[in-house]
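As the structure is a computational prediction, the values presented were derived from the model and not from experiment. Along the sequence shown, the residues carry numbers beginning at 1.
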Amino acid sequence: MILDWFSATFGSLLCALIIDRIVGEPKSWHPLVWFGAWVDSSRLFIQKPLDSLVRDQKIAGALAWAMAVLPWLLVLLALFCMLPSNASWLVSTAVLYFCIGWQSLREHAQAIEEPLLQGKLAEARIEVGKIVSRDTENLTESEIAKASIESVLENGSDAVFAPIFWFIILGAPGVMLYRLANTLDAMWGYKTDEFIYFGWFAARVDDVLNFIPARLVVYTYALCGALHGNFSRAKRCARRQSLYWKSPNAGPVMAAGAGALGVKLGGDAEYFGKLETRPTLGEGRDPSVQDIAASIQLVDRGVFVWVALIFVLI
């Protein structure tokens, strides 16, 4: 029985990855769009005024998180209780497909890479602005490449490896819980006046759910970087440099990826009109447009490594 479950889980994983790579993310609709509308309603219904007590704002954020996430999990669990096992396998595959962002990550990065190769900086700035929260209007070519690579490395962990991890550990409910929590962090996890307390719970849940996957991704990037002799450097960068990064999970991941690629990331960047001082991640030269493709290849190799290891372990 347990062996059958693991076999079905690996089959769903493989099918979801293949579908994602071939079809990509739905262009005209996506379940997360519906979730986003539901999230906005939850926030407007529960969020306290900004002059409320910090405790009350945090409690409201936790209640809004529960209101946004738990109903969808209950619906999924009820669906599994009603469906036969063969249909459950199909549902699991569909859930993972919608929760993973392997191909969309590639497409977003390539949408930045192509205008950069053509010298179209204005177009590249617009495209990079779609996937990063920093101000992009005045970025140079190297800064655009840096922002793109940081996003690929971080989202490789958040949108590819972490969903795979939680799917293997807890199946479709696990990956749905992770994906919805990660989406809420992306919507509420900012340290602005509006969200610094209300979004505290969403940010902490995402940190917890990403903690183990991020550490596995550090070793994944280091292992894949070993092809270029960068295994030790990737681990060293992750261990030493991530201590000073604002995110406990993004720091190690990006530092390891930068070390594996042999480039320097991080450094000062402008967010919402304010210059933010960030430590340097990685070692080596400043990134160029060619390193965007290299970062995509690093994630791709990591996916192949994970699939192979999961197959062997299962």
Is it the case that more than 12 heavy atoms not belonging to [X] sit under 6.0 Å from its [atom1] atom?
| X | atom1 | value |
| --- | --- | --- |
| Ile212 | CD1 | no |
| Asp193 | CG | no |
| Phe195 | CZ | yes |
| Phe211 | CZ | no |
| Tyr271 | OH | yes |

Thinking salt bridges, do Arg21 and Asp300 make one under a 4.0 Å N-O criterion? yes

Does a side-chain N-to-carboxylate-O contact under 4.0 Å join Glu150 and Arg134? yes

With distance as the sole criterion, is a donor-acceptor pair present between the side chains of [X] and [Y] under 3.5 Å?
| X | Y | answer |
| --- | --- | --- |
| Tyr221 | Arg301 | no |
| Asn138 | Arg125 | no |
| Ser151 | Asn155 | yes |
| Gln290 | Ser288 | yes |
| Ser12 | Ser92 | no |

Verify the cluster assignment for [X] and [Y]: are they in a single hydrophobic cluster under the rule of side-chain heavy atoms below 4.5 Å apart?
| X | Y | answer |
| --- | --- | --- |
| Leu184 | Leu76 | yes |
| Leu281 | Tyr219 | no |
| Phe304 | Ile22 | yes |

Check step by step if salt bridge (charged side-chain N to carboxylate O under 4.0 Å, His left out) holds for Glu143 and Lys146. CA-CA 5 Å; Glu143 289 171 338; Lys146 179 191 295 184; over 6 Å; no

Please name the pair of heavy atoms, one in [X] and one in [Y], separated by the smallest distance, quoted to 0.1 Å.
| X | Y | result |
| --- | --- | --- |
| Ser157 | Ala214 | OG-CA, 3.9 Å |
| Arg233 | Gly259 | NE-O, 3.1 Å |
| Pro173 | Leu77 | CG-CD2, 3.7 Å |
| Val205 | Ala181 | CG1-CB, 4.1 Å |

Roughly how far, to the nearest 0.5 Å, is CZ of Phe161 from CH2 of Trp306? 6.5 Å

Under the salt bridge (Lys or Arg N to Asp or Glu O under 4.0 Å) rule, collect the residues that match up with Arg239, sequence neighbours excluded. none

Residues in ring pair (Phe, Tyr, Trp, His ring centres under 6.0 Å) with Phe165, at least two apart? none

With sequence neighbours excluded, residues passing ring pair (Phe, Tyr, Trp, His ring centres under 6.0 Å) with Phe201: Trp65

Give me each pair satisfying salt bridge (charged side-chain N to carboxylate O under 4.0 Å, His left out) with a member in residues 164-191, each pair once, sequence neighbours excluded. none

Quick note, salt bridge (charged side-chain N to carboxylate O under 4.0 Å, His left out) partners involving residues 240-262, not counting sequence neighbours, are Lys246-Glu276

Do side-chain atoms of Gln241 reach the backbone of Gly251 as a donor and acceptor pair under 3.5 angstrom? no

Sequence neighbours excluded, the answer for side chain to side chain donor-acceptor pair (under 3.5 Å) partners of Asn210 is Tyr178, Asp206

